[in-house]
Amino acid sequence: MSSCIFCKIINGEIPSTKIYEDELVYAFLDISPINFGHTLVIPKEHHESASTIPEETAGRMFKVASRIGIAMKRELDMDGYNLHLADGLAAGQVVMHAHLHVVPRGVEDDFHWNWRQLAYPEGKMAGIAEKIISKLKIS
Ligand code: AMP
Ligand code: ZN
């Protein structure tokens with residue numbers, strides 16, 4: 001897609017610091033990292049949502065991201081990593097070309113995801129699960 005910033009990165013029209021590339025995916029350093037080494041893994045084909053990425057490409061993204069995470073732990077002396085994918089504006093997706101964040105983490109890196117923990121009202125859990133399951137299509 002010609003106006004997409006990540007398509008431009010893949011095509012070399014916008015510079016990036018490449019970490020990995022194959023026929024399906026491209027990985028490069030995030031320009032505004034949570035921690036140094038923060039990497040984005042993207043499909044070479046333009047997809048706004050992760051839900052339309054073909055299975056082989058999506059699987060490759062996950063594999064590459066995990067391997068990059070391991071390399072970060074070993075070579076950047078980090079303690080762990082987060083894989084993060086925002087799908088849709090409401091989820092915080094800013095760039096509308098699907099991307100998987102690989103965020104290197106240190107025990108004392110002073111970064112906190114604001115992950116809240118709600119409690120289900122009595123009897124609500126099963127109904128929610130049924131609604132999701134009723135629309136679930138895995139082909
Ligand atoms: P998200 O909020 O999940 O859509 O994340 C978009 C990410 O893309 C942000 O972390 C940005 O820092 C990153 N980003 C935007 N433009 C560039 C760029 N030209 N090169 C590298 N990373 C970028
Ligand atoms: Zn794109």
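Just so you know, ligand 1 is whichever comes first in the structure, and atom 1 is the first atom listed for that ligand.
- Residue contacts with ligand 1 include Leu29, since one or more of its heavy atoms lies under 4.0 Å from the ligand.
- Here's the thing with Val94: one of its N/O atoms is less than 3.5 angstrom from an N/O atom of ligand 1.
- Using a cutoff of 4.0 Å between basic side-chain nitrogens and carboxylate oxygens, Lys135 and Glu130 are not scored as salt-bridged.
- Considering backbone and side-chain N/O of Ile5, none are found under 3.5 Å from N/O of ligand 1.
- The shortest heavy-atom distance from Ile34 to ligand 1 is not under 4.0 Å.
- For Ser16, the heavy-atom gap to ligand 1 stays at 4.0 angstrom or more.
- With a 4.0 Å cut-off on non-hydrogen atoms, His99 touches ligand 1 through its side chain and not its backbone.
- Taking the charged nitrogens against the carboxylate oxygens, Asp22 and Arg60 do have a contact shorter than 4.0 Å, which makes a salt bridge.
- Remark: ligand 1 atoms within the under-4.0 Å shell around heavy atoms of Ser32 are 12 (O).
- When you scan the N, O or S atoms of His46 for the one nearest the Zn ion (ligand 2), you land on ND1.
- Inclusion of Ala86 in the set of residues having an N or O under 3.5 Å from an N or O of ligand 1 is not warranted.
- Restricting His97 to its N, O or S atoms, the one at the least distance from the Zn ion (ligand 2) is ND1.
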